[in-house]
There are 2 protein chains.
Amino acid sequence: MGASKTEHFSDEQNTIAIIAKALGHPARIAIIEHLIKVNACICGEIVNELPLAQPTVSQHLKELKNAKIIKGTIEGNSICYCIDETTLNHLKNYFENITKQLKIKSTHCC
Amino acid sequence: MGASKTEHFSDEQNTIAIIAKALGHPARIAIIEHLIKVNACICGEIVNELPLAQPTVSQHLKELKNAKIIKGTIEGNSICYCIDETTLNHLKNYFENITKQLKIKSTHCC
DNA sequence: TTTATTTATTGCAATATTACGATATATATT
DNA sequence: AATATATATCGTAATATTGCAATAAATAAA
């Protein structure tokens, strides 16, 4: 096959998986880190920061946009990207919750 | 192509991407959640919980093991899986750090 | 030892991802 | 209008992922 059986899982499970998947590439992690480092919106220049061709970067940006991890607004003849805090906060909360439950239970046996 | 240019990115960026990628499938999120819910090690039974065939589940478990998100130890003729807290804590800390930086800077413009 | 149980591996088909050259689009500048 | 600049899309090749039937491997139970 090759297609995931998303219909068998909960909305939350699918949502978390989509966000995690979008972050599952070093280039996209690098994009996120750069957006944070330069603080807020940058118009263009992401391409120059990455060791990848312009169409490839554009594709990675599109995937981050689809997962709602970044937002892009048109600014003259360039596009201004910044992080969508809501989505990263959602992911952060999810992992905080999971690790908290692990700490509470912590029944180590392996 | 199809292969990521991992050598151009930092170790930390690659590590986070590998963990995120491993969590980038709803079945693997479901496995993690089940491991937490039943608390600690369960020997087998994960296959019965998921709407997927045994070889498929085995493959997902392998990927979670490769990313060091779960650990598996042999227990009689079955295998006992549990979560490797270190890895999920690493990821949690990473996202806490990122979202903290976002909160500090918070220069909204999009 | 034979049989059952549990998990892993192999092989394969369908689909998705990654990367990039070529090209399109859209605005800015001259 | 013509040209430059910035980003997106298309097309395509290489590779990876997903899913499962068939089968192997390894231990447990009879």
Notebook entry, point to check: NE2 of A:His8 versus P of D:dT18: gap in Å, rounded?
Noted result: 15 Å
Margin query: Using a 4.0 Å heavy-atom cut-off, does A:Ile74 contact any base of the nucleic acid, only the sugar-phosphate backbone, or nothing at all?
Written below: nothing
Next item on the list: In whole angstrom, give the distance that lies between atom CG of A:Asn66 and atom C1' of C:dT17.
Entry: 14 Å
Next item on the list: Taking only the side-chain heavy atoms of B:Tyr81 (C-beta and beyond), determine which of C:dA8, D:dG19, D:dA8 contains the nearest atom.
Entry: C:dA8
Next item on the list: Enumerate the residue pairs fulfilling side chain to side chain donor-acceptor pair (under 3.5 Å) with a member in residues 46-58 of chain B, sequence neighbours excluded, ordered by first and then second residue.
Entry: none
For residues 9-22 of chain A, dump all side-chain donor-acceptor pairs below 3.5 Å to protein atoms at least two apart in sequence or in another chain.
from, atom 1, to, atom 2, distance (Å)
A:Ser10, OG, A:Gln13, N, 3.1
A:Ser10, OG, A:Gln13, OE1, 3.4
A:Glu12, OE1, A:His90, NE2, 3.4
A:Glu12, OE2, A:His90, NE2, 3.4
A:Gln13, OE1, A:Ser10, N, 3.1
A:Gln13, NE2, B:Glu33, OE1, 2.8
A:Asn14, ND2, A:Thr6, O, 2.9
A:Asn14, ND2, A:Phe9, O, 3.4
A:Asn14, ND2, A:Ser10, O, 3.2
A:Thr15, OG1, A:Asp11, O, 2.7

Check: Reckon B:Gln59 touches a base, only the sugar-phosphate, or nothing at all at heavy-atom distances under 4.0 Å?
Finding: base
Item checked: Closest-nucleotide 5' rank along DNA chain D - winner of B:Pro55 and B:Glu63 -> B:Glu63
Margin query: How many whole angstroms separate atom NZ of A:Lys62 from atom C1' of C:dA16?
Written below: 14 Å
Note to self: Distance check needed: C:dT7 P versus B:Glu49 CD, whole Å only.
What the structure shows: 13 Å
Margin query: Suppose we call a contact any N or O donor and acceptor under 3.5 Å apart; does that hold for the side chain of B:Gln54 and the base of C:dA8?
Written below: yes
Item checked: A:His60 NE2 - D:dT7 P separation (whole Å) -> 16 Å
Note to self: Would you say B:Thr56 places a side-chain N or O within less than 4.0 Å of OP1 or OP2 belonging to D:dC20?
What the structure shows: yes
Checklist line | For A:Tyr81 against A:Leu61, the heavy-atom pair lying closest together | finding: CE1-CD1, 3.7 Å
Check: Where do A:Leu50 and A:Ala30 come nearest, in terms of heavy atoms and distance?
Finding: CD2-CB, 3.8 Å
Check: On DNA chain C, nearest-nucleotide positions of B:Lys21 versus B:Lys65: which is more 5'?
Finding: B:Lys65
Notebook entry, point to check: How close or far is atom P of D:dT5 from atom CD of A:Glu45, stated in whole angstroms?
Noted result: 17 Å
Check: Sub-3.5 Å donor-acceptor pair from the side chain of A:Asn93 to the main-chain atoms of A:Asn89, do we have one?
Finding: yes
Note to self: For D:dA8 and A:Ser58 - does any side-chain N or O of the residue sit under 4.0 Å from the phosphate oxygens OP1/OP2?
What the structure shows: yes
Next item on the list: Send over the distance from B:His25 NE2 to D:dG19 C1', rounded to a whole Å.
Entry: 9 Å
Checklist line | Nearest-Å distance for atom pair CG/P, residues B:Leu61 and D:dT17 | finding: 16 Å
